Amino acid sequence: MKVVLPDSSELELPDGATGRDAAAAIGPRLAEQAVLLRSDGRVQDLRLPLEDGQKIQILTTRDKDDPDALSVLRHSTAHLLAEAVRRLYPGVKIAIGPPIANGFYYDFEFPEPISEADLERIEAEMQKELAEGREWNREEVSREEARRRFEAEGEPYKVELVETADGEISFYTQGDFTDLCRGPHLQNSKPIKAVKLTGLAGAYWRGDERNKQLTRIYGTAFYDPADLDAYLERLEQARERDHRRLGPQLDLFHLSDESPGSPFWHPKGMVIWNVLEDLRRSENAKRGYLEVKTPLLYDIDTYITSGHYENYEENMFFVEEHEGEKRLALKPMNCPGHMLLFGSELRSYRELPMRFAESSTLHRDERGGTLHGLLRVKHITQDDAHMFCTPEQIEDEIFGCLDYASYLYDLFGMEARFELSTRPEKKLGTDEEWDFTEAALRSALDRRGIDYQVNEGDGAFYGPKIDLHMTDVLGRSWQMGTIQLDSQMPARFGLTYMGSDNAEHTPFVIHRALLGSLERFIGILIEHYGGEFPFWLAPVQLRVLPVGADHREAAGRLAERLREAGYRIEVDERDDTVGKRIRDAELEKIPYTLVYGDKESDDSLAIRERHGVQSTKSLLELLDELARL
RNA sequence: GCCGGAGUAGCUCAGCUGGUAGAGCAAGCGCCUUGUAAGCGCUAGGCCGGCGGUUCGAGUCCGCCCUCCGGCUCCA
């Protein structure tokens, strides 16, 4: 038989030859360095037989940055971890240990809880394994045999995995440790040149909190020790960009125990906030939204009608009146208010689509342990809107949202990931209705030319949705905007409009927030720019530094001119050296710093941009340059 | 809510095995009169997250609570 190599040449091999055989046929060095086989984008264990005509690519230790090559390395390292843990902690039960982005983990049930100090011990044991060297052997076994072996070993999690696994069951063995595993794996442990255990966490078996919580050990591995160092260095740099560090450092906001999950916005943070609000308001106006403001507090009945009381109670804040019996709750979302507003008058089809926009404050009592800087707060301000429309208008309205969202994210040079979530198992409405609404969303996405990922079954019970996601500086994904189609809530509130047929109809509503919440958006924004905001967003755009006391007056006049031109400008009159004040301006990441002394005049300004880029320009030239930013 | 870690001056942190707290930066004052990333000196600043316990004595040991950090779950 023949296989096809990446350069399109063909390699003649005996029938039944494996990837390893192919590597050996090409050369002994390749055979030794081979770690994985890739075929049409799919990875395959080197131990598996090849097919006639198969296109193959053999990855070696030289492909040290290839994601598949790293994955196999880390997967094998996870097995070393399990072996080490087994040896050090008799009675431990092993669960599952896959590679993940940037590393791997393995879940265990320890007889006694372990703590971070144990990681050192375990890591030392793994180093011992590496020093001794390990080889992986693959075998295929019957389901029955697999189950028997794990039952004999007292491994209930493995037994469960065997029972639910589909396809072939394979075992990989290194040393005296055998694990159920689909593979692929390295041939041996030689390529593993750097290992580090990075963390310890609780994790529920099969990701379900009704199940037992296991202990998850995270780690990472590389083909080259320098890559581990570089990775740790990158992590350290990422931490510098963390909005929780930069926010207070740049005097944008702070968080405090007095009101967990509710940011205190400082004047500079409010500048950014207001720029976003102005943007929201002016763009909304261009796109036919009507700004409204609805109450923060509603009686319980409203939430019973909306369904929040039943479905969202544990995340709501309740309030008592001083007098009277009424129990009220702070709104966690704007929809009930907008429903009531829509229903307050008789509506005609001629008024649709009707788009209510609001960015008032929402409160959600988040579960303990989930708050996270600005990215997960209790005090939420969405750039929210609800569009009431007819079935025929749905697609255009969705399209309009997508177009609007793309416009906004482009403005910041951000690239959001779009995800479409379709009908869940527990749903309201018929399959025909879902066919219609899902098709409308898909068609709008396609029409706008947006690539998206489909999350089957992840939709809300009342309708499908499109979510926009962004990643924070540590690689965690956060939902930003959301566009949700809903036919249930208008009905629950008894909303109708008079159609052209002179009959009453229930409108559809689209719930949408594009930036998502301002809090979260600003958090992501801070990290996106690493605190170096573009000129139009920067809280302080320019700062003038009078060289000496004699220059303060002239510097003040200059600042006044720029302020009148509409720029946010400060004069740093502190009695410190110019060097010191330059340094502070750099640390505050101010876009333009103007040093003003004897040599300067309107015809010749000393301009310093961030990172020390210096130039000399006249005031008119500067104004001209700024106007184009 | 769960697992692991942490909380000391406004900020960043030191404080070994228990003996009543320290640095740098920031702040205030003074000197210097400043030219593109830190001029010099002095001063003030602390219920060592909170409550309880052990002890002659607790920042340090133990328990509970709060908050934060890394995860898990949740985020209709």
Side-chain angles (χ1 to χ4, degrees), chain A residues 100 105 107 110 113-119 198-218 235 239 242 244-245 248-249 251 254-261 306-308 310-315 332-333 335 364-373 375-377 380 421 424 426-428 458-463 465 467 474 476 478-479 482 484 486 488-489 511 516-517 520 545-551 574-588 593-600 606-615:
Chain A
I100 51 173
Y105 67 78
D107 285 347
F110 284 91
I114 64 162
S115 77
E116 262 165 25
D118 291 85
L119 294 186
T198 51
L200 189 60
Y204 301 102
W205 169 237
R206 305 215 132 173
D208 189 331
E209 69 177 321
R210 288 167 302 191
N211 290 338
K212 189 167 183 91
Q213 190 167 52
L214 307 174
T215 302
R216 174 169 299 177
I217 296 176
Y218 285 94
L235 267 188
R239 276 190 261 276
D242 192 314
R244 289 166 301 178
R245 181 193 284 248
Q249 228 168 56
D251 199 18
H254 81 270
L255 292 159
S256 166
D257 288 358
E258 284 83 358
S259 187
S306 71
H308 286 95
E310 195 186 345
N311 295 302
Y312 208 69
E313 191 205 348
E314 60 172 21
N315 285 302
M333 301 177 196
C335 21
R364 299 183 186 174
D365 193 8
E366 298 290 346
R367 262 173 112 164
T370 58
L371 296 177
H372 189 95
L375 301 183
R376 189 78 175 270
V377 290
I380 304 165
S421 296
K426 247 182 76 183
K427 64 179 193 293
L428 296 172
D458 257 2
F461 64 90
Y462 50 72
K465 58 174 184 163
D467 293 327
L474 291 174
R476 295 172 290 215
W478 298 88
Q479 186 189 303
T482 184
Q484 307 184 357
D486 177 7
Q488 302 304 316
M489 207 180 285
H511 309 245
S517 87
R520 180 173 287 180
L545 309 186
V547 172
D550 297 347
H551 309 109
R574 285 176 307 166
D575 190 16
D576 274 310
T577 60
V578 172
K580 165 71 171 163
R581 286 177 287 160
I582 290 279
R583 176 180 152 82
D584 286 346
E586 282 284 354
L587 290 174
E588 291 172 50
T593 304
L594 312 179
V595 174
Y596 203 97
D598 288 335
K599 297 182 230 161
E600 282 69 34
I607 295 163
R608 180 190 169 105
E609 291 173 53
R610 283 184 290 226
H611 307 296
V613 181
Q614 292 180 48
S615 61

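Given the structure is predicted, the values throughout are model-derived calculations rather than measurements.
With both pairing distances under 3.5 Å, G35(B) is matched to nothing as a Watson-Crick or G-U wobble pair. Under the Watson-Crick or G-U wobble criterion, with both distances below 3.5 Å, U17(B) is left unpaired in every strand shown. Base pairing analysis places C11(B) opposite G24(B); the two distances defining the Watson-Crick or G-U wobble pair are each below 3.5 Å. Nucleotide G45(B) has no partner under the Watson-Crick or G-U criteria, as no pair reaches both atom distances under 3.5 Å. The partner of U55(B), taking Watson-Crick or G-U wobble pairs whose two distances both stay under 3.5 Å, does not exist in any strand shown. A 3.5 Å limit on both hydrogen-bonding distances identifies C69(B) as the Watson-Crick or G-U partner of G4(B).
With RNA chain B read from its 5' end, the first of the two nearest nucleotides for D242(A) and V578(A) is the one closest to V578(A). Mapping G207(A) and F461(A) onto RNA chain B via the closest heavy atom, the residue that lands nearer the 5' end is G207(A).
Within 4.0 Å of A201(A), counting heavy atoms only, lies at least one base atom of the nucleic acid. Across all strands shown, G307(A) has no heavy atoms under 4.0 Å from either base or sugar-phosphate atoms. Within 4.0 Å (heavy atoms only), R216(A) reaches sugar-phosphate atoms of the nucleic acid but no base atom. Using a 4.0 Å heavy-atom criterion, one finds that A585(A) contacts no nucleic acid atom at all. D208(A) comes within contact range of no nucleotide atom at all, as no heavy-atom separation falls under 4.0 Å. Across all strands shown, D598(A) has heavy atoms under 4.0 Å from base atoms, whether or not it also approaches the sugar-phosphate. Residue contacts shown for G368(A) include a base, since a base heavy atom lies under 4.0 Å away. Residue contacts shown for L255(A) are absent, as no nucleic acid heavy atom lies under 4.0 Å away. Base engagement by E600(A) is indicated by at least one non-hydrogen atom pair under 4.0 Å involving a base atom. In this structure, L545(A) reaches neither bases nor backbone, as no heavy-atom distance under 4.0 Å exists between it and the strands shown.
Contact annotation: the side chain of L375(A) never approaches that of R476(A) to less than 4.5 Å [non-hydrogen atoms, C-beta and beyond].
Put simply, CG on D257(A) is 13 Å from C1' on C69(B), counting in whole angstrom units. Summarising the geometry, the separation between CG on L119(A) and C1' on G70(B) is reported as 12 Å, rounded to the nearest angstrom. The interatomic distance linking R476(A) (CZ) with C74(B) (C1') rounds to 16 Å, in whole Å. C74(B) atom P lies 18 Å from atom CD1 of I380(A), rounded to whole Å. In this entry the distance linking CD of E588(A) with C1' of A26(B) reads 12 Å, nearest Å. Put simply, CZ on R583(A) is 11 Å from P on C25(B), counting in whole angstrom units. Spacing between atom NZ of K580(A) and atom C1' of A37(B) amounts to 10 Å, rounded to whole angstrom units. In this structure, R239(A) atom CZ and C69(B) atom P are separated by 13 Å, rounded to whole Å.
Side-chain proximity of L474(A) to the nucleotides C74(B), G70(B), U36(B) is greatest for G70(B). Of the candidates G39(B), C74(B), G35(B), the closest approach to any side-chain atom of A606(A) belongs to G35(B). Listed candidates were G1(B), A37(B), C72(B). Nearest to the side chain of I582(A) is A37(B). Checking A38(B), G1(B), U67(B) against the side-chain heavy atoms of T370(A) singles out G1(B) as nearest.
Between E586(A) and the options R581(A), R608(A), H611(A), a side-chain hydrogen bond (donor to acceptor under 3.5 Å, both in side chains) holds for only R608(A).
The heavy-atom pair separating I380(A) from S517(A) by the smallest distance is CG2-CB, 3.5 Å. When all heavy atoms of G459(A) and S421(A) are compared, the pair lying nearest together is N-CB, 3.5 Å. Minimum interatomic distance between P424(A) and F461(A) (heavy atoms only, all atoms of both residues): CG-CA, 4.1 Å. Closest of all the heavy-atom pairs between G373(A) and L255(A) is CA-CD1, 3.7 Å.
Donor-acceptor pairing under 3.5 Å, judged by distance alone, is absent between the side chain of E116(A) and the base of G70(B). For R364(A) and C74(B), a side-chain-to-base donor-acceptor distance below 3.5 Å is absent, hydrogens and geometry of angles not being considered. Side-chain to base pairing of Y218(A) with G4(B): no donor and acceptor N or O lie closer than 3.5 Å to each other.
Note on R608(A): a side-chain N or O is less than 4.0 Å away from OP1 or OP2 of A37(B). Within the structure, every side-chain polar atom (N or O) of H551(A) is placed at least 4.0 Å from both OP1 and OP2 of U33(B). When the side-chain nitrogen and oxygen atoms of S115(A) are compared with OP1 and OP2 of G4(B), none of them lie within a distance under 4.0 Å. For G70(B), one of the phosphate oxygens OP1 or OP2 lies less than 4.0 angstrom from a side-chain nitrogen or oxygen of R244(A).
Annotation: the span from D107(A) atom CG to R206(A) atom CZ amounts to 12.0 Å, rounded to 0.5 Å.
Between D242(A) and R244(A) a salt bridge is recorded (basic side-chain N to carboxylate O distance below 4.0 Å).
Only the P atoms considered, C32(B) is 15 Å distant from G41(B), to the nearest whole Å. On the P atoms, G15(B) is 13 Å away from C61(B), given to the nearest whole Å.
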